[in-house]
Every structure is written in structure tokens, then in C-alpha cells.
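Structure first, commentary second.
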Amino acid sequence: MSNQETPVVDVNEQITLRKQKLADKRKQGVAFPNDFRRDTVAADVIAEFGEIEKPELEEIGKKVKVAGRIMLFRNMGKASFITIQDMSGRIQSYVRKDQVGDEVYDDFKTWDIGDIVGIEGTVFKTNKGELSVKASSIQLLTKSLRPLPDKWGGLADQETRYRQRYVDLIVNEDSRATFVARSKVVKAIRDFLEARDFLEVETPMMHVIPGGATARPFETHHNALDMPLFLRVAPELYLKRLVVGGLEKVYEINRNFRNEGLSTRHNPEFTMLEFYWGYADYQDLMNLTEDMLRYTVENVLGKTVFESGGATYDFGKPFERMTVLEAIIKHQPEISLDELNDLDSARAVAKKFHVKLEDSWGLGKVQIEIFEELAEDKLIQPTFITAYPAEVSPLARRNDDNPFITDRFEFFAGGRELANGFSELNDAEDQAERFKAQVEAKDAGDDEAMHYDADYIRALEYGLPPTAGEGIGIDRLVMLLTDSPSIRDVLLFPHMRPE
RNA sequence: GGGUUGCUAGCUCAGUCGGUAGAGCAUCUGACUUUUAAUCAGGUGGUCACAGGUUCGAUUCCUGUGCAACCCA
């Protein structure tokens, strides 16, 4: 016996009553009519008529058809005011018995907050000056069987807001605004990249060999082929194959999946922009990123200065740029550059600041651990961090002057990593060696290390032009722009443990 | 993984130093033809997250479990 055969029934008095009302409506005919067509929405009515004076409105006598969910219901006997809400906002309607008829009005009085109605009527202003629709007819389109949260207190319980996002969206305007902003962020990025001749592509979500990032993948199984498949941790290696193929400027905005813990910054599936730009390097990328983020902030918020997480940001100003080691020293002046450039003394620094290390780690990894512990969350203002060690950058091109580091940067704002970009490693032989090193690390027990991807090496052997590539975490960017403390606030349906 | 806190009516929250609970909104009945969280009068509604323990008696104290939030690693 499965659970699904015995669903939990959470019925209360209010639901029972509403179900009875629906049953009555079924007996009368079509209980879920779909013959009402609105000709406008609340915000458009307000935009068009909101500034017009009452007497002038009476003269115009504009007829409209609006539809939406009843959010407020004020019954005063033979007349009522209801406030309905549609995708654009709210508008009030005045419903009179002598206008809609006795039969309809008596039925209307039994309708509930949450019901979805269609109204035909005339735009007018009340004595108090509120723009409203005087109903000439009103129709119940969908009976709502569950009571909505308190009209004033709203829905505050975080868990319910995440699990029942539909309710959250009905009653919390902030939540709606967040997801509108999210859509605008993605649109702004698309517009920005399309204007620069980047081609949007889609690459596999299911990988035979997971690659493109050091992360633990989700594993699944293909029945017909009887083989394991992995949900992608990054699209990187496929996008670079496309650059090999001559699609020299490509991007993809899509989901990645990482089999890791949940937190206010991590969801198992999250959205990344990745883009690759032939005949460019990481310096070009930083400049493009700065322009793109400035453009996005301005388009989404209508300004470049904004508040988020208690800090004030100005994306109109040039972003800071510093190296990994400079960032450490800036935020922990006790540490000297020399200390960080020697493995033994760097390990001593780590110990002093309680940074946990593994014996197998080299200088580069030790430096990065120190950076993440001491500097990362202090990078509030938009900052590019450069000169990442090759040891922690298996796909990035080595710096010509200093082979210890790569031509790579990460972008930080609000103490969080938002982007990671670098000049791509296009030396097939070097790449093959680095894959081998990753495989050794994997054999030694690092299950985040990468697999050897022979086809990717083959692609590189055909020749990847000098290319720069970058990933930007869309969720974290939206968090910053919407002042959302948790990634769950910017995901419509965040991952939750089953109820 | 560790710690802290929370879980009480449909929603937002009180409360019970251990004697099976209360407010506002919602809902129900009635009044009301320009209201604004409409108002006025009167009602209904609870396995106090779940399971054990202590106790004459547990929603309250203790232990565990689940889910969530926050902090730490």
C-alpha cells in the first residue's frame, strides 16, 4: 500500500463549506466556465483612468472587462465592494444588487475571498476618490476551496512560503516582485549578450562523463542503454567544443546540478550563465562582465545605486580589482606576501588562523583556503579577484609570466562569489596532463575531482582558438539585486525535504 | 556533521510556574446601496508537530523523531 493511496485529508469547516458551495454550483450547470474574456488588467485601468476626475469619468463611461481573485470583500447589504487581484495588481469593484440583478447578487453574496471572478462594468471613481469598476455583470469563474491567509497579516511562515509558493505569490507582493526582477535579470543578460553577437545554445543536461567543475554529481541510469548518466555540474566542456566548432561566441543560461549540502547559498539545482568568447582573454572578460552587470543592475532596478543586505552598492563606479594574495593581506594585514609564497610558512599562517588543511595540498590550494577563510566574505563591494593558482584551476590557461598562477578571476559582491572566468586552457597536451592529475586526486579519494574526458581532449586537438569563458551564478545575482538573504527566496520552488 | 530556536484555530500570534486553551483576521447568523484591514450585534472552530517517559493528571516538564529558521564546521 503506497502513501499515495491514502492522501492526507486536511479538511476543516471552511473547506467543507466551500466544497458544498462548489457542489451546488455543479448542479446549476457549468461549474468552471471558460467563456469570459477580459479586455484589460487592473494596472492598465489605473494607468489610463487613475488621474481623471470623477465627473469626467462619468462622462466617459468607459466599459471594461476585468478578471481576478477576490482579495477583499466588503458587503453592505444591497451593495458590496470587492478588491480583485490580477497579474498586474489590484482594482476595486462596486457590485450593486440593482445593477447585476437579484439572482446574481444573492449568489454573489455567498462567494468567498479567494474566488476568481470576471466582471464587466464601467470605470468610475467613488466618493472617496478610489478608481473602481461598477459591475453591470459579475460571474464566478473558479471556486476557491481553501481559505487564503489573513488579509492583513499575510503569510509569514517561511516553510509554507517555500512549500506552497502559489499561496506566497497570491498574498506577498514582495515575493511576486522578486520573481519579476529575476525574469528581468535574465532578459537583461540575454539582451546584452545578443547585442554583442553571442549565440544562445543548449547543451546536454545528462552527461556520460561529468565535467567542467570540481563538484560531486547526481547519478542516474539510462535503462535502454543500461548505463550510468550524470546530471551536469557545468556545461563548460560542451560549450568549448562549440567554440572548437566555430561558434566563437556562445552562451547558455540553464540549470546545473551539484550533489552537495543545502544552505542559504546552495540549492542542488541552480542557474548559471556560461559564455565563451573566442579571441578574447580574461581581461576582456572582466571588462565585459563589468559592463554587463552595470547594464543588468540599471535595467532591473532603474538605477545603479542600491541597498542589499545592509550595504550600499554602486554598480556605476569602476569595480575593484586585486589578486588573491592582495585580498588576503588587505583583510588580514598581519600576514605578509612572503609568508604566503612559501608552502611551509603559508601552512603556518593557515594554522595560526585556524584554517584546516590536508597534507596533500600544495601551496596554491593552501593559499586559496586562506583566502576563502579570511577574505572572501569581506569582499562586499563589487571586486574582481585575479591570479588564481593553477593548482585549483584545472581548466584555466597558465599565466605567461608566472606559471604558478592562471589567467583567471572570480567576481565577488556582498561577500559571495558571483562569477568565475578565465582564459581557457587550449593546449590539448597540457589539458590531458591536468585531467590525469585530477584522476589521481579522484583515485586518492577526492570525489569532487574531475574525470578524464577523452573526447574533450580530442576536440582540443582540433584546435580551440584563444578563448575566454565565464560562469555567472544567476541565483546569487538575483539575491543581491532583490536583497534576498536566502537562495530559496529567489527560487520559485526551492528544494525542500519532503513534508 | 554540531549547536541554538521554533512548531498552539484556515492565517498572524498570545498563553498555560502541570488541572485538555485565547485574541485579531477569516468563517457562520443577522443589520447595512460609495466602503477602504468597512462597521455593528451574536455564534462556530483546536489530537497545542509526532512518539515515548515522569505524574493522579502533560499542550506545558524530560527524552527521542520529523520539518523549518539561524549560527558554527
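As a basis for the values below, the full set of heavy atoms in this structure was taken, side chains included, without hydrogen atoms, waters or symmetry mates. Letters A, B, ... mirror the listed sequences (proteins, then strands); counts begin at 1. None of these values were measured; they are calculated from a predicted model.
Pairing for B/rC7 is with B/rG66, a Watson-Crick or G-U wobble pair whose two hydrogen-bonding atom distances lie under 3.5 Å.
Backbone-only contact: A/Lys356 has heavy atoms under 4.0 Å from sugar-phosphate atoms and none from a base. Using a 4.0 Å heavy-atom criterion, one finds that A/Arg18 contacts no nucleic acid atom at all. Within 4.0 Å (heavy atoms only), A/Asp157 reaches sugar-phosphate atoms of the nucleic acid but no base atom. As judged by a 4.0 angstrom heavy-atom cut-off over every strand, A/Thr160 is placed among residues making no nucleic acid contact. The residue A/Lys78 sits close to a base: some heavy atom pair falls under 4.0 Å.
A/Phe409 has its ring centre no less than 6.0 Å from the ring centre of A/Phe319. For A/Phe493 and A/Tyr162, the ring centers are positioned 6.0 Å apart or more.
Of the candidate nucleotides B/rA68, B/rC13, B/rU27, B/rA68 has the atom lying nearest to any side-chain atom of A/Arg163. The nucleotide whose nearest atom lies closest to any side-chain atom of A/Thr126 is, among B/rC11, B/rU34, B/rA38, B/rU34. Closest approach to the A/Ala79 side chain among B/rU33, B/rA73, B/rC70 is made by B/rU33 (side chain taken as heavy atoms from C-beta onward).
The interatomic distance linking A/Lys128 (NZ) with B/rU39 (P) rounds to 13 Å, in whole Å.
For A/Ile46, the side-chain contact (heavy atoms from CB on, under 4.5 Å) criterion is met by A/Ile91, A/Leu131, not counting sequence neighbours.
Remark: A/Lys151 is in phosphate contact with B/rA38, judged by side-chain N or O atoms under 4.0 Å from OP1 or OP2. Contact annotation: A/Arg497 side-chain N/O to B/rC67 OP1/OP2 distance is under 4.0 Å. Here A/Arg488 reaches the OP1 or OP2 of B/rA69: one of its side-chain N or O atoms lies under 4.0 Å away. The phosphate of B/rC28 has OP1 or OP2 within less than 4.0 Å of a side-chain N or O from A/Lys21. Under 4.0 angstrom from either OP1 or OP2 of B/rG45 there lies no side-chain N or O belonging to A/Asn12.
Taking the centre and axis of the six-membered ring of A/Phe124, the NZ or CZ atom of A/Lys134 falls inside the cone set by 45° and 6.0 Å.
Residue-to-nucleotide contacts include no donor-acceptor pair under 3.5 Å from the side chain of A/Gln158 to the base of B/rA69. For B/rU33, its base never sits under 3.5 Å from the side chain of A/Ser80 at any donor and acceptor pair. With hydrogens and angles ignored, no donor-acceptor pair closer than 3.5 Å exists between the side chain of A/Glu130 and the base of B/rU35. Not a single donor-acceptor contact under 3.5 angstrom links the side-chain atoms of A/Asn75 to the base of B/rU35. Checked by distance alone, A/Asp150 brings no side-chain donor or acceptor within 3.5 Å of a matching partner on the base of B/rG10.
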